[in-house]
Protein chains: 2
Amino acid sequence: MDPGAILAANGMSITRNRVNILNTMKLATVPLSGKEICQRLREGCDKSTVYRTLNTLYNKEVLQRVIIDHEVKYALRSGDRPGNGHDRDHLHFKCSSCGKLFCLTETEVGDYQLPEGFIKEENQFLVIGKCNKCR
Amino acid sequence: MDPGAILAANGMSITRNRVNILNTMKLATVPLSGKEICQRLREGCDKSTVYRTLNTLYNKEVLQRVIIDHEVKYALRSGDRPGNGHDRDHLHFKCSSCGKLFCLTETEVGDYQLPEGFIKEENQFLVIGKCNKCR
DNA sequence: TAATATTTGCAAATGAGTTGCAAAAATACG
DNA sequence: CGTATTTTTGCAACTCATTTGCAAATATTA
Ligand SMILES: [Zn+2]
Ligand SMILES: [Zn+2]
Ligand SMILES: [Zn+2]
Ligand SMILES: [Zn+2]
């Protein structure tokens with residue numbers, strides 16, 4: 001789905017900033033922070049606009065929030081390319097040497113049983129370690 | 001191990017603030033943020049001292065850092081009571097209604113296989129959902 | 001105890017994220 | 001199309017957790 005269609009489908013005005021932000025998200029292979037999105041937007045955009053847009057898209061369930069270490073990041077819920085969508089609660093890996101982030105979409109984490117009466121809504125699973133370049 | 005011994009074993013001066021902070025950690029059943037620790041210290045202690053102490057103890061591997069949502073929290077690596085130690089990569093649960101945090105030390109999460117060449121150092125596994133009081 | 005080294009409190013700085021508000025842009029409508 | 005109405009934007013100022021410089025206070029050493 002192209003940015004214009006996503007915005008229209010969610011009753012949001014189609015603006016240049018929003019289209020640029022969505023295009024940036026579509027190109028990303030890992031979740032991005034507000035700051036990282038600001039940096040990637042060639043055509044300048046105020047950070048308040050970026051954060052407001054991310055919040056709105058998150059509330060409309062277009063974006064997923066992913067917490068990496070203690071940074072808040074965002075990813076499209078449905079991506080066009082593998083590793084681009086974040087529909088499933090997949091595992092993330094952050095390298096403690098180079099800081100690079102990886103979406104481990106192929107890695108299966110076994111299921112677990114919560115205590116009686118607890119209901120899972122979302123997994124926030126992050127593995128910290130050394131990536132294949134840094135080990 | 002008592003606070004004095006922990007400090008001595010790590011070549012740190014034994015001060016009233018540090019002893020108070022370690023005692024607070026020993027009493028905690030869940031990881032605490034710098035702010036929460038400040039609030040629990042009856043005998044006032046400047047926040048800069050609290051954060052400096054937490055960092056030092058983390059670097060000495062006395063404390064473990066646990067990220068809950070996007071808050072940085074700390075817990076003793078080895079506790080005296082069940083649920084008090086954080087040696088194992090146990091699962092944490094945060095209730096999306098009441099905000100309460102739980103250490104699910106009994107809950108086993110299945111193992112997983114990282115891609116070739118990746119080495120795990122630490123799991124940061126958090127489940128968001130409804131606790132048994134709020135569901 | 002005096003000398004030296006470490007820790008502390010304070011106040012000021014940082015940095016991500018948020019907010020109020022008036023100007024600018026988008027949408028609705030005749 | 002224009003024009004009226006609604007929404008979005010940039011800016012500057014703010015918040016809030018955490019960090020920092022520094023001189024004074026405290027702990028360790030000898
Ligand atoms: Zn690496
Ligand atoms: Zn991912
Ligand atoms: Zn609850
Ligand atoms: Zn725990």
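Just so it is clear, the values below take in all heavy atoms, side chains as well, and ignore hydrogens, waters and symmetry mates. Just so we're on the same page: letters track the sequence lines, and every chain starts at 1.
Counted within 6.0 Å of CD on A:Q113, heavy atoms from surrounding residues, nucleotides or ligands total 12 or fewer; the atom is thus considered open. More than 12 heavy atoms of other residues, nucleotides or ligands lie within 6.0 Å of NZ in B:K120, so this atom counts as buried by the packing criterion.
Residue A:L57 contributes atom CG, which lies 11 Å from atom P of D:dT8 at whole-angstrom precision. Atom CD1 of A:I14 is separated from atom P of D:dT7 by 15 Å (rounded to the nearest Å). When the C1' atom of C:dA16 is taken as reference, atom CG of A:L54 falls 13 Å away, rounded to whole Å. The CZ atom of A:R18 sits 14 Å away from the C1' atom of C:dA24 (whole-angstrom rounding). One atom, CD1 of B:I68, and another, C1' of D:dA17, lie 17 Å apart when rounded to the nearest Å. Distance, A:I21 CD1 to D:dT8 P: 12 Å, rounded to whole Å. In this structure, CG of A:L32 is placed 12 Å from P of C:dG17, rounded to the nearest angstrom. Between the CE atom of B:M12 and the C1' atom of C:dT7 there is a distance of 10 Å, rounded to whole Å.
Aromatic pair A:Y112/B:F125: ring centres not closer than 6.0 Å.
Across C:dT27, D:dG10, C:dG17, the shortest atom-to-atom separation from the side chain of A:S13 is found for C:dT27. Minimum atom distance to the side chain of A:K47 is reached by C:dT18, of the listed D:dT19, C:dT6, C:dT18. When the nucleotides C:dT7, C:dG9, D:dA17 are ranked by their closest atom to the side chain of B:D46, C:dG9 comes out on top.
Proximity of A:Y51 to the phosphate of C:dT18: no side-chain N or O atom is located under 4.0 Å from OP1 or OP2. For C:dT8, the OP1/OP2 oxygens have a side-chain nitrogen or oxygen of B:T15 closer than 4.0 Å. Considering only side-chain N and O atoms, A:N55 lies under 4.0 angstrom from the phosphate OP1 or OP2 of C:dT18. When the side-chain nitrogen and oxygen atoms of A:N17 are compared with OP1 and OP2 of C:dA25, none of them lie within a distance under 4.0 Å.
Put simply, the side chain of A:R52 and the base of D:dG10 share a donor and an acceptor less than 3.5 Å apart. Between the side chain of A:K35 and the base of C:dG17 there is no donor-acceptor pair of N/O atoms closer than 3.5 Å.
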Take A:N17 and A:T15, measure what side-chain hydrogen bond (donor to acceptor under 3.5 Å, both in side chains) needs, and give me the verdict at the end.
CA-CA 5 Å; A:N17 280 334; A:T15 68; 5.5 Å; no
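In this structure, B:K130 pairs ionically with A:E121, as a charged nitrogen and a carboxylate oxygen lie closer than 4.0 Å.
Contacts of B:R16 with the nucleic acid, taken as non-hydrogen atoms under 4.0 Å apart, are absent. When heavy atoms are screened at a 4.0 angstrom cut-off, A:S48 is found touching base atoms of the nucleic acid.
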